[in-house]
Amino acid sequence: MDLNEYQRAALRTAAPKEKLNELFHLLLGLVGETGEIAEKAKKIVRDKDSDFSQWDIEDLTKELGDTLWYVAVIADYFGISLDDVAQLNIAKLADRQNRAMLGGSGDNR
């Protein structure tokens, strides 16, 4: 499955864009799902001495999938294909790598 195919499939389970506050709902959902991943990571740090080999990979995969769903639907909300998101991101990172700027902070480094 490619990214655009995934995006089309994800949209079959999304609410209509016209639904009141739908974008806000999607943004909160994305933050919530990424927060769930962070919360589980925190518990590994707290309870398992930061041994990430003990992470439940099936559970992590499901949470990453939920996060991907929100990214795909938010991108579509603005008419952006998930494939374009991925290609632009890889190009940006390759450019930073070529300029030895992977470290540091800021979007335009």
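All values below were derived from every heavy atom in this structure, side-chain atoms included, with hydrogens, water molecules and symmetry-related copies excluded. Positions are given from 1 along the sequence.
Cluster membership for L64 and L82, using ILVMFWY side-chain heavy atoms within less than 4.5 angstrom, is not shared. Note on V31 and L26: separate hydrophobic clusters, where clusters join Ile, Leu, Val, Met, Phe, Trp and Tyr whose side-chain heavy atoms are under 4.5 Å apart, directly or indirectly. Residue I80 is grouped with residue Y6 when hydrophobic side chains (ILVMFWY) are merged at heavy-atom distances under 4.5 angstrom, including chains of intermediate members. When the side chains of ILVMFWY residues are joined at heavy-atom separations under 4.5 Å, either directly or via intervening members, L3 and I74 end up in a single hydrophobic cluster. Taking hydrophobic clusters as Ile, Leu, Val, Met, Phe, Trp and Tyr residues chained together by side-chain heavy-atom distances below 4.5 Å, M101 does not share a cluster with I90.
Using a 4.5 Å cut-off on side-chain heavy atoms (C-beta onward), H25 and N21 make no contact. At a threshold of 4.5 Å between non-hydrogen side-chain atoms, the residues L11 and Y77 do not count as touching. In this structure, F78 and L23 have side chains that are in contact, with non-hydrogen atoms separated by less than 4.5 Å. Side-chain atoms of F52 and V45, non-hydrogen and from C-beta on, do get closer than 4.5 Å to each other. Residues D66 and E63 have side chains in contact (heavy-atom distance under 4.5 Å, counting atoms from C-beta outward). When side chains are defined from C-beta on, V73 does not count as touching L30, because their heavy atoms never get closer than 4.5 Å.
Considering every non-hydrogen atom in both A72 and Q7, the closest pair reads O-NE2, 2.9 Å. W55 and A41 get closest at one heavy-atom pair: CH2-CB, 3.7 Å.
Look at R8 and E5 and you find no salt bridge, because none of the NZ, NE, NH1 or NH2 atoms lies under 4.0 Å from a carboxylate O. A salt bridge links D76 and K17; the closest N-O separation between the charged side-chain nitrogens and carboxylate oxygens is under 4.0 Å.
Taken to the nearest 0.5 Å, the CG atom of L60 stands 11.5 Å off from the CD atom of E36.
Within 6.0 Å of atom NZ in K42, more than 12 heavy atoms from other residues, nucleotides or ligands are found, so the atom counts as buried in its surroundings. When the shell of 6.0 Å around CD of E58 is examined, it contains 12 or fewer heavy atoms from other residues, nucleotides or ligands.
With hydrogens and angles ignored, the 3.5 Å screen pairs no side-chain donor or acceptor of E22 with any backbone N or O of A14. With hydrogens and angles disregarded, a donor-acceptor distance shorter than 3.5 Å links the side chain of N4 to the backbone of D83.
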